[in-house]
Amino acid sequence: MNTKETKLPAVQAGQLWRTIRGFILWSHERGTIQYDVMVTLILLFVFLSPHFINFNDRPVQRNPHSSGVVVYPDGNGEFIYQVEGKAVQAKDDSGIRASLLRIIEPISGGVSISRYEPMTDNKGRVIAYKVWIQRE
């Protein structure tokens with residue numbers, strides 16, 4: 001029997017580590033096959049990862065209130081919100097604050113009310129609220 005030994009080309013460990021280091025340090029020149037492989041892998045990750053990974057990056061659904069709100073600067077770099085009085089149905093302080101926050105937050109994002117003042121007509125009815133807010 002004649003047996004011929006078939007020798008496979010031996011991959012040297014030094015050459016393998018040199019190739020891996022070249023990928024990690026991005027040391028391959030443009031136009032080489034290694035460079036094209038790296039760019040292709042990056043593009044595949046960018047375009048395919050949202051289909052397999054849930055990044056929880058959906059916008060918050062906020063329904064704006066149908067009342068009239070006027071926003072104007074207070075002169076100190078902050079803003080004052082003027083909300084129609086008929087949009088607020090509550091009579092106690094905590095209910096008024098909650099109603100005002102429900103109206104203002106869809107416009108300005110996460111805020112807290114530092115103070116508010118009711119604006120009344122000559123008969124004493126509340127026609128609007130002036131609201132000073134602080135960003136959270």
| Closest approach of Ile103 and Ala87, non-hydrogen atoms and distance? | CD1-CB, 3.7 Å
| task | Please round to the nearest 0.5 Å and tell me the distance separating atom CD1 of Ile133 and atom CZ of Phe79. | result | 8.5 Å
| query | Does Val70 share a hydrophobic cluster with Val111, counting links as ILVMFWY side-chain heavy atoms below 4.5 Å and allowing steps through other members? | reply | no
| request: Is it possible for you to say whether Val126 and Ile113 belong to one hydrophobic cluster, with membership spreading through side-chain heavy-atom contacts below 4.5 Å? | output: yes
| message | Minimum heavy-atom separation for Ser99 and Ala90, please, with both atom names. | response | OG-CB, 4.3 Å
| task | Say whether Val37 and Val39 are linked into one hydrophobic cluster, either directly or through other cluster members, by side-chain heavy-atom distances under 4.5 angstrom. | result | yes
| message | Any non-hydrogen side-chain atom of Thr120 less than 4.5 Å from a side-chain atom of Ile127? | response | no
| Short question: side chain of Thr32, backbone of His28 - any donor-acceptor pair under 3.5 Å? | no
| Are Arg97 and Ser94 close enough that a side-chain donor and a side-chain acceptor fall under 3.5 Å? | no
| In one Ile/Leu/Val/Met/Phe/Trp/Tyr side-chain cluster, 4.5 Å: Met119, Ile80 | no
| query | Does the separation of the ring centres of Tyr35 and Trp26 fall below 6.0 angstrom? | reply | yes
| task | Taking atom CZ of Phe47 as the centre, report whether more than 12 heavy atoms of other residues, nucleotides or ligands fall under 6.0 Å from it. | result | no
| message | Apply side-chain contact (heavy atoms from CB on, under 4.5 Å) to residues Tyr116 and Leu100 and explain how you reach the verdict. | response | CA-CA 9 Å; Tyr116 69 91; Leu100 291 171; 4.0 Å; yes
| message | Just verifying a value: how many Å separate Thr40 OG1 and Ile42 CD1, rounded to the nearest 0.5 Å? | response | 9.0 Å
| query | Between OH of Tyr129 and CD1 of Ile96, what distance do you get to the nearest 0.5 Å? | reply | 4.0 Å
| Joint hydrophobic cluster, Phe23 plus Leu41, side-chain heavy atoms closer than 4.5 Å | yes
| Would one find more than 12 heavy atoms of other residues, nucleotides or ligands at under 6.0 Å from atom CZ of Phe45? | no
| query | Any side-chain heavy atom of Gln82 within less than 4.5 Å of one from Val69? | reply | no
| If you draw a 6.0 Å radius around CG in Leu44, do more than 12 non-hydrogen atoms from other residues or ligands fall strictly inside? | yes
| message | Does any part of the side chain of Trp132, heavy atoms only, come nearer than 4.5 Å to the side chain of Glu117, both counted from C-beta? | response | yes
| remark: Interatomic distance, OG@Ser49 vs CG@Asn54, rounded to 0.5 Å, equals 11.5 Å
| For Leu101 and Pro106, which heavy atoms make the closest approach, and how far apart are they? | O-CD, 4.3 Å
| remark: Rounding to 0.5 Å, atoms OG1 (Thr19) and CD (Gln34) come to a distance of 7.0 Å
| said: Can you tell me how far apart CG (Leu48) and CG (Leu43) are? Round to the nearest 0.5 Å. | reply: 10.0 Å
